[in-house]
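Some notes on the structure that comes next.
Numbering starts at 1 and runs along the sequence shown. Quick caveat, the model's predicted, so the values are computed rather than measured.
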Amino acid sequence: MEVDKIPIPTFLAQQRDEVAPLELQPLFLDFEEFWERKLWHQLTEALLQFYNHPDSGPQRIPIYKNFVLSFAAKINQLKLVSLGLAAASQCKNYEEALEFMTGVAAKVNQPASQDAYVYATVETARIKLYLGDLEGARKALDEAEKILDRFDSVEPVVNASFYRVNADYYQTKQEFASYYKNALLYLACINIADLTPAEQQERAFNLGIAALLGDSIYNFGELLLHPILDSLRGTEHDWLRELLFAFNAGDLNKFNALVVHFPKQPVLEKQTSFLREKIILSALTEAVFRRPPHDRAMSFQTILQETRVFPEEVEYMLMKALSLGLIRGSIDQVAEVARISWVQPKVLDRNQVESMRRNLQEWDISVNKLGLWMENKLEIPEV
């Protein structure tokens, strides 16, 4: 006799008495009561409690197919997808999981439940990534993104799923800047306390690598201020955290001291020359930042001393900084002077805050002097 022919009360009784662990058996009584009374919200919550229990694994797929699908249209469709995801985690392989989640996506592909469809579609993309089908994953993610763009807002779980899988896609492609952006957006959609310490460390490590290697990332402020980075404190990857702060401060000495760790990460070791150029640009912007706004005409010789580049590289580094939008200004090649009018803001450490304090004090003194000079000029002599 086929399982799907068994009446639901009988099926639930069999699952309770013959399969379920003792501590989960009371939930089956709730399932039957809520189902008979058509209390769909309470039934959904009880099912989520069951599916989230680690000992429910062997029963997830049978219960989903033979019980949940019988009233699938009556419950919250996002939670239906969550139940489907929990069930798919018990599939024998990724091919089976993909087929299962494709069915879930088709089930919720209705005009009133497009958010759930996006959620399910993104999760099929995740499985395709595991299978190495990057083209299929990208196609699914693009479809989901087009639908998301039509919403004013969706549940955080949907956005979190999209940004997480999108980040995973770009990480697989080693597109570091895109990974960095999507991974930070993913963290903005979740409570990081929900991640295990190992997951936090892995995410922080991957973000750190992406920040360093992203060819368009020269400001790490959002990452440096994010609590996820603290998960690397006291771990074998604590050096990466220190390296990120060294880049932010343009600290060439610290960079040179931490280069010894690069062989641990071949992806960094292969990009040593790029990273050295990046830290030099950071040292340049830091040198500009330390100077008061009225004194940012810097000679090539000063820049050479601050960045430790060869004389013939000074002009190239200035042009690179201008093209990347790190600074604004002009270069006088004849006088060998760079006149900087603006420098990109960055997150400040204690030393940088102290430098800003000194700049503000100098500015205050200059304003006072100007005020006194104007008073003297405007003073009317006595007759």
Side-chain angles (χ1 to χ4, degrees), residues 1-94 96-124 126-127 144 147 151 153-161 190-191 194:
M1 185 172 60
E2 295 182 3
V3 174
D4 59 357
K5 299 293 184 181
I6 301 177
I8 285 178
T10 304
F11 170 75
L12 291 176
Q14 287 180 346
Q15 289 290 314
R16 180 191 68 224
D17 298 335
E18 300 174 13
V19 187
L22 187 62
E23 62 183 304
L24 293 179
Q25 288 180 7
L27 282 172
F28 283 82
L29 299 176
D30 293 336
F31 295 164
E32 185 171 357
E33 179 186 357
F34 296 146
W35 174 76
E36 288 178 344
R37 297 174 60 188
K38 296 181 172 56
L39 299 175
W40 306 123
H41 173 72
Q42 291 87 337
L43 177 55
T44 304
E45 294 303 313
L47 283 165
L48 286 170
Q49 182 183 347
F50 174 81
Y51 273 71
N52 288 332
H53 196 287
D55 294 338
S56 68
Q59 294 178 278
R60 291 177 187 175
I61 292 177
I63 289 176
Y64 183 87
K65 290 182 175 180
N66 297 285
F67 181 49
V68 175
L69 286 181
S70 68
F71 53 85
K74 296 180 174 65
I75 66 174
N76 181 294
Q77 298 297 278
L78 278 176
K79 292 181 178 180
L80 174 64
V81 175
S82 295
L83 293 172
L85 280 171
S89 68
Q90 300 303 306
C91 291
K92 296 176 183 178
N93 50 53
Y94 288 129
E96 185 179 315
L98 179 59
E99 181 181 357
F100 187 93
M101 283 308 302
T102 301
V104 174
K107 188 77 176 175
V108 297
N109 188 11
Q110 303 295 330
S113 57
Q114 286 295 285
D115 54 345
Y117 177 66
V118 167
Y119 189 17
T121 299
V122 167
E123 291 301 326
T124 63
R126 177 179 59 85
I127 299 171
I147 299 172
F151 284 97
S153 64
V154 292
E155 290 294 323
V157 67
V158 180
N159 278 327
S161 177
I190 66 169
N191 181 354
D194 293 335

*Does any non-hydrogen side-chain atom of Phe34 lie less than 4.5 Å from one of Leu47?*
no
*How about Leu48 and Lys79: do any of their side-chain heavy atoms sit closer than 4.5 Å?*
yes
*Verify, without hydrogens or angle tests, whether Ser161 (side chain) and Val157 (backbone) share a donor-acceptor contact under 3.5 angstrom.*
no
*Below 4.5 Å, heavy atoms only, C-beta onward: do Trp35 and Pro9 meet side chain to side chain?*
yes
*Shortest non-hydrogen contact from Ile190 to Ala160?*
CG2-CB, 3.8 Å
*Nearest non-hydrogen partners of Leu78 and Ala116, listed with the distance*: CD2-CA, 3.6 Å
*Report yes if some heavy atom in the side chain of Val108 is under 4.5 Å from a heavy atom in the side chain of Tyr119; otherwise report no.*
no
_Heavy atoms of other groups near Glu96 CD, more than 12 under 6.0 Å_ = yes
_Measuring only between side-chain heavy atoms, which start at C-beta, is Phe151 closer than 4.5 Å to Val154?_
yes
*Of all heavy-atom pairs between Gln59 and Pro21, which one has the smallest distance, and what is that distance?*
OE1-CD, 3.9 Å
_Let me confirm one number: the CG-CZ distance from Leu29 to Arg16, rounded to the nearest 0.5 Å._
5.0 Å
*asked:* Determine whether a donor-acceptor pair (N or O, by modelled atom type, separation under 3.5 Å) exists between the side chain of Gln77 and the backbone of Ile75.
replied: yes
*Return the minimal non-hydrogen interatomic distance between Ile8 and Asn66, and the atom names on each side.*
CG1-O, 4.2 Å
_If we ignore hydrogens and angles and just use 3.5 Å, is the side chain of Thr102 paired with the main-chain N or O of Leu98 as donor and acceptor?_
yes
*pair Glu23-His53: side-chain heavy atoms closer than 4.5 Å*: yes
_Testing the basics here: between Arg60 and Tyr51, what is the closest heavy-atom pair and its distance to 0.1 Å?_
O-OH, 2.7 Å
*To the nearest 0.5 Å, tell me how far Asp30 CG sits from Glu45 CD.*
12.5 Å
*Taking the six-membered ring for Trp and the single ring otherwise, decide whether the centroids of Phe31 and Phe50 are under 6.0 Å apart.*
yes
*Can you find a heavy atom in the side chain of Val81 that is under 4.5 Å from one in the side chain of Tyr117?*
no
*Would you indicate whether Glu155, at its atom CD, is surrounded by more than 12 heavy atoms from other residues, nucleotides or ligands within a distance under 6.0 Å?*
no
*Nearest 0.5 Å, what's the CG-CD distance between Leu39 and Gln42?*
4.5 Å
*For the residue pair Phe28 and Leu24, what are the closest heavy atoms and their distance?*
CD1-O, 3.5 Å
*Look up atom CG in Leu27 and atom CG in Leu12, then write down how far apart they are to the nearest 0.5 Å.*
11.5 Å
*Would you please say whether a donor-acceptor pair under 3.5 Å links the side chains of Gln114 and Asn109?*
yes
